[in-house]
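Here the structure comes first, spelled out in structure tokens, and everything after it is commentary.
Residue numbers start at 1 and run along the sequence shown.
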Amino acid sequence: AEPGINFPILLHRFNRKDFVMALQLGDVAPNFTAETTEGSMSFHEYLGDGWGILCSHPADFTPVCTTELGAVAKLGDEFAKRNVKVAAISVDPIDSHNSWIADINETQNTTVNYPLIADPDRNVADLYGMIHPNADNTQTVRSVFVIGPDKTIKLMITYPASTGRNFDEILRVIDSLQLTAKHSLATPVNWQQGDDVIISPAVSDEDAAERFPGYTTVKPYLRVTQQPAE
């Protein structure tokens with residue numbers, strides 16, 4: 001970078017086709033301030049000390065996203081009991097968002113109960129790499145970011161425009177993330193809440209016997225135990 005030039009300003013010298021800031025798992029989720037359907041938001045402040053989900057939507061009044069936003073509203077209690085706050089974003093302005101929410105509530109028989117972020121200047125979309133020029137150079141792709149209490153990104157998924165997101169799967173992953181953040185465990189293929197789990201290879205057999213009594217050794221690197229109660 002040239003001396004004295006602020007890096008974010010330098011980014012605007014590049015066309016989005018030439019430069020995309022790529023976030024990775026473990027990166028701190030970029031903070032931002034934006035207007036939402038529930039007032040001004042400082043993202044990190046909104047998340048507090050809990051978990052968060054940020055979902056991007058290509059544009060307002062799109063059919064697949066209408067069903068998704070309705071589904072997320074209906075899962076409000078499930079997110080709350082996991083201490084997860086949800087926010088959605090598209091590149092359209094607040095007035096458009098408010099009109100779209102009315103449609104969502106009507107057609108999906110629900111009440112949207114979380115903020116929808118307005119991003120007409122695409123500032124947040126750029127921070128999170130939500131503009132994929134090969135897909136669309138003006139609209140955000142349909143991404144999901146799961147963010148932990150330490151404000152780092154724990155999961156990133158990007159869906160094509162034609163395929164609705166599976167929020168049951170996103171809840172499943174959050175359950176796994178929260179379990180494995182607390183214990184030295186991993187969850188196997190197709191794991192569901194209450195299923196057996198895998199002991200991390202970093203845990204010695206001696207420690208495993210103390211921490212997970214009665215575990216089963218399938219192979220030295222594959223040790224299975226019941227999911228802890230807490």
In this structure, CG of Asp168 is separated from CG of Leu75 (nearest 0.5 Å) by 6.5 Å

Asp27 side chain to Gln24 main-chain N or O, any donor-acceptor pair under 3.5 Å? yes

Is the closest side-chain heavy-atom distance between Pro201 and Leu222 below 4.5 Å?
-> no

Check: Thr36 side chain, Gly39 main-chain N or O, donor-acceptor pair, under 3.5 Å: yes

Original post:
Are any side-chain N or O atoms of Lys151 and backbone N or O atoms of Asp49, one a donor and one an acceptor, separated by less than 3.5 Å?
Top reply: no

Closest non-hydrogen atoms of Pro30 and Leu127, given as atom of the first, atom of the second and distance, are CG-O, 3.9 Å

Test the Lys85-Tyr114 pair against the cation-pi criterion, namely NZ or CZ under 6.0 angstrom from the six-membered ring centroid and within 45° of the ring axis. no

query = Can you tell if the side chain of Arg223 reaches within under 4.5 Å of the side chain of Val203, non-hydrogen atoms only?
reply = yes

Closest non-hydrogen contact found for Glu68 with Arg165 is OE2-N, 2.6 Å

Tightest non-hydrogen contact, residues Ala34 and Ala118, listed as CB-O, 4.3 Å

Transitive ILVMFWY side-chain link Ile104 to Ile94, under 4.5 Å
no

#### Entry: Within-4.5 Å side-chain heavy-atom neighbours: Ser56 and Tyr128
no

Keeping the roles fixed (side chain from Thr163, backbone from Tyr159), state whether a donor-acceptor pair exists under 3.5 Å. no

query: Does some side-chain heavy atom of Arg82 sit less than 4.5 Å from a side-chain heavy atom of Trp51?
result: no

_Backbone of Asn109 reached by a side-chain donor or acceptor of Asn105 within 3.5 Å_ = no

Between Val86 and Val72, the two heavy atoms sitting closest are CG1-CG1, 3.7 Å

Fill in: Side-chain touch Thr225/Leu185, heavy atoms, less than 4.5 angstrom
yes

Quiz prompt | Within-4.5 Å side-chain heavy-atom neighbours: Ser90 and Asp60 | solution = yes

OG (Ser176) and CG (Leu171) are apart, to the nearest 0.5 Å, by 12.5 Å

**Message:** Assess the residue pair Thr152 and Ile147 against the criterion (side chain to side chain contact (heavy atoms under 4.5 Å, CB included)); give the C-alpha distance rounded to whole Å, side-chain angles, the decisive distance to 0.1 Å, and a yes or no.
**Reply:** CA-CA 6 Å; Thr152 64; Ile147 300 160; over 6 Å; no

Next on the checklist: Is there a continuous path of hydrophobic side-chain contacts, each under 4.5 Å between heavy atoms, that joins Leu47 to Met41?
Outcome noted: yes

When rounded to the nearest 0.5 Å, the distance separating CG of Asn98 from CG of Leu116 is 8.5 Å

Is His44 close to Val28 at the side-chain level, that is, under 4.5 Å between some pair of heavy atoms? yes

message: For a side chain to side chain contact (heavy atoms under 4.5 Å, CB included) check, start with the C-alpha distance between Met130 and Ile89, then their side-chain angles and the critical distance, and finish with the verdict.
response: CA-CA 10 Å; Met130 294 172 176; Ile89 182 171; 4.0 Å; yes

Quiz item: Sub-3.5 Å donor-acceptor pair from the side chain of Asn31 to the main-chain atoms of Ser42, do we have one?
Solution: no

I'd like to know if the side chain of Asp195 reaches the main chain of Gln192, judged simply by a donor and an acceptor atom lying under 3.5 Å from each other, with no hydrogens or angles considered. yes

Practice item. Using modelled atom types only, decide if a donor and an acceptor are shared between the side chain of Thr67 and the backbone of Val64 within a distance under 3.5 Å. Key: yes

- request: Check whether Ile198 and Leu179 end up in the same hydrophobic cluster, where Ile, Leu, Val, Met, Phe, Trp and Tyr are linked by side-chain heavy atoms less than 4.5 Å apart.
  value: no

- prompt: How about Gln226: does its CD atom have over 12 heavy atoms from other parts shown lying under 6.0 Å from it?
  reply: no

Taking every heavy atom of Ser40 against every heavy atom of Thr33, the minimum-distance pair comes out as OG-CG2, 3.9 Å

All heavy atoms of Val224 vs all of Val218, minimum pair found to be CG2-CG2, 4.0 Å

Interatomic distance, CG@Asp119 vs NE2@His97, rounded to 0.5 Å, equals 8.0 Å

d(Glu35 CD, Ile117 CD1) to nearest 0.5 Å is 11.0 Å

*Just by distance, do the side chain of Lys74 and the backbone of Gln108 share a donor-acceptor pair under 3.5 Å?*
yes

Next item on the list: Apply side-chain hydrogen bond (donor to acceptor under 3.5 Å, both in side chains) to Trp100 and Thr62, showing your working.
Entry: CA-CA 9 Å; Trp100 188 25; Thr62 49; 5.6 Å; no

With side chain to side chain contact (heavy atoms under 4.5 Å, CB included) as the test, would you mind laying out the steps for Ile53 and Phe145 before giving the verdict? CA-CA 6 Å; Ile53 295 178; Phe145 297 86; over 6 Å; no

**OP:** Give a yes-or-no answer on whether the side chains of Ser200 and Ser184 include a donor-acceptor pair shorter than 3.5 Å.
**Re:** no

- Item | Ile153 vs Leu23 side-chain heavy atoms within contact, under 4.5 Å | yes

Distance col, row His183:NE2 vs Ile199:CD1, nearest 0.5 angstrom, shows 12.0 Å

Between Phe43 and Val124, is the side chain to side chain contact (heavy atoms under 4.5 Å, CB included) condition met? List the steps. CA-CA 10 Å; Phe43 187 52; Val124 179; over 6 Å; no

Taken in chain and number order and not counting sequence neighbours, the residues that satisfy side chain to side chain donor-acceptor pair (under 3.5 Å) with Gln227 are Gln193

**Prompt:** In terms of hydrophobic clustering (I, L, V, M, F, W, Y; side-chain heavy atoms under 4.5 Å; direct or indirect links), are Leu177 and Val144 co-clustered?
**Reply:** yes

